[in-house]
**Student:** 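What follows is a structure written as structure tokens; I'll ask about it next.
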Amino acid sequence: QKEVEQNSGPLSVPEGAIASLNCTYSDRGSQSFFWYRQYSGKSPELIMFIYSNGDKEDGRFTAQLNKASQYVSLLIRDSQPSDSATYLCAVTPYSSASKIIFGSGTRLSIRP
Amino acid sequence: DAGVIQSPRHEVTEMGQEVTLRCKPISGHDYLFWYRQTMMRGLELLIYFNNNVPIDDSGMPEDRFSAKMPNASFSTLKIQPSEPRDSAVYFCASSLEGSYEQYFGPGTRLTVT
């Protein structure tokens, strides 16, 4: 079992709709959770992080965490073509809070 | 700040050759990470340093890979000898103590023929 699992996609969403990206993790002791965005041919960049159960909102982005279900999600409201990218879910393992483990990413495509 | 700097941006080499990738972290950052990204395996952590000291190298694939950080502003990842399966994009990232946000460099695209 992979430590961080994501559906590879592609996920196709019409412009203006809500894009929902999901991630599960195996280490029940994980404490910190991240979403990175990676445009094609570019490096990953952090867009959201969450530590506590529940929702965290930042602009059009909402991260959701459910530690009991070991589930993290990212919602993107009012999706724009510029949101088309690969979204990487990442977690810090219980064994080391200094490093993060990445999922393989979900490719999101926003169609005009 | 110029961000994390990596060189070269592209490297094409023949199997068996030595390859050295270079990274300059953001000034003042305490942590430096080396990652490898492929379509098949995604983004994998190879090794990371804290204050120039290697902390976890459990992701280094085998003895052909080695990494050093002789000072706070420079790190190298060396592959000797290189093999076609080493072809990937290699990223360097740095972060500050107490912050989980990692800042990635532009990456080095390595092709081994």
Side-chain angles (χ1 to χ4, degrees), chain A residues 1-10 21 23-27 29-52 56 58 61 63 65 72 85-108, chain B residues 2-7 9-10 21 23-26 29-60 67 69 88-109 111:
Chain A
Q1 181 188 9
K2 289 185 179 178
E3 292 180 82
V4 182
E5 298 219 41
Q6 298 180 253
N7 188 318
S8 62
L21 304 162
C23 169
T24 58
Y25 59 95
S26 61
D27 184 348
S30 294
Q31 295 294 319
S32 305
F33 308 87
F34 310 89
W35 285 98
Y36 279 75
R37 178 177 61 200
Q38 186 175 23
Y39 291 113
S40 180
K42 301 296 183 183
S43 54
E45 56 178 337
L46 180 68
I47 56 171
M48 289 286 289
F49 63 88
I50 186 167
Y51 305 141
S52 304
K56 179 182 179 182
D58 184 1
F61 298 95
L65 174 61
V72 193
T86 296
Y87 289 80
L88 304 169
C89 175
V91 306
T92 56
Y94 177 76
S95 60
S96 171
S98 301
K99 69 180 186 183
I100 57 176
I101 306 299
F102 285 86
S104 55
T106 297
R107 190 155 56 92
L108 174 65
Chain B
V4 177
I5 298 172
Q6 291 187 247
S7 64
R9 294 293 306 277
H10 302 273
L21 311 180
C23 174
K24 176 178 168 46
I26 293 173
H29 280 195
D30 311 278
Y31 286 87
L32 183 138
F33 304 83
W34 281 102
Y35 292 91
R36 176 174 67 177
Q37 187 172 41
T38 62
M39 289 292 291
M40 289 295 293
R41 301 175 66 90
L43 190 61
E44 303 173 280
L45 177 65
L46 301 177
I47 185 172
Y48 76 94
F49 296 82
N50 178 216
N51 293 323
N52 313 338
V53 177
I55 302 300
D56 184 346
D57 65 355
S58 59
M60 295 287 260
M69 192 166 185
V89 179
Y90 290 80
F91 287 105
C92 175
S94 68
S95 68
L96 270 172
E97 181 84 44
S99 169
Y100 290 116
E101 181 166 7
Q102 295 185 16
Y103 294 82
F104 282 75
T108 296
R109 181 173 295 277
T111 303

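Here is the naming used below: chain letters follow the sequence lines, and residue numbers restart at 1 for every chain. Hydrogens, waters and symmetry mates play no part in the numbers below; they use all other heavy atoms, side chains included.
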**Student:** Select one option (side chain, backbone, both, neither) describing which atoms of L43(B) are under 4.5 Å from chain A's heavy atoms.
**Tutor:** both
**Student:** Out of L88(A), I101(A), I100(A), which one racks up the most heavy-atom pairs below 4.5 Å with chain B?
**Tutor:** I100(A)
**Student:** Anything under 3.5 Å between chain A and chain B that's a donor-acceptor pair? List each one with its distance, please.
**Tutor:**
| residue | atom | partner | partner atom | Å |
| --- | --- | --- | --- | --- |
| Y36(A) | OH | Q102(B) | N | 3.2 |
| Q38(A) | OE1 | Q37(B) | NE2 | 2.9 |
| Q38(A) | NE2 | Q37(B) | OE1 | 2.9 |
| S43(A) | OG | G105(B) | O | 3.3 |
| S96(A) | OG | Y48(B) | OH | 3.0 |
| S98(A) | OG | Y31(B) | OH | 3.4 |
| K99(A) | NZ | D56(B) | OD2 | 2.7 |

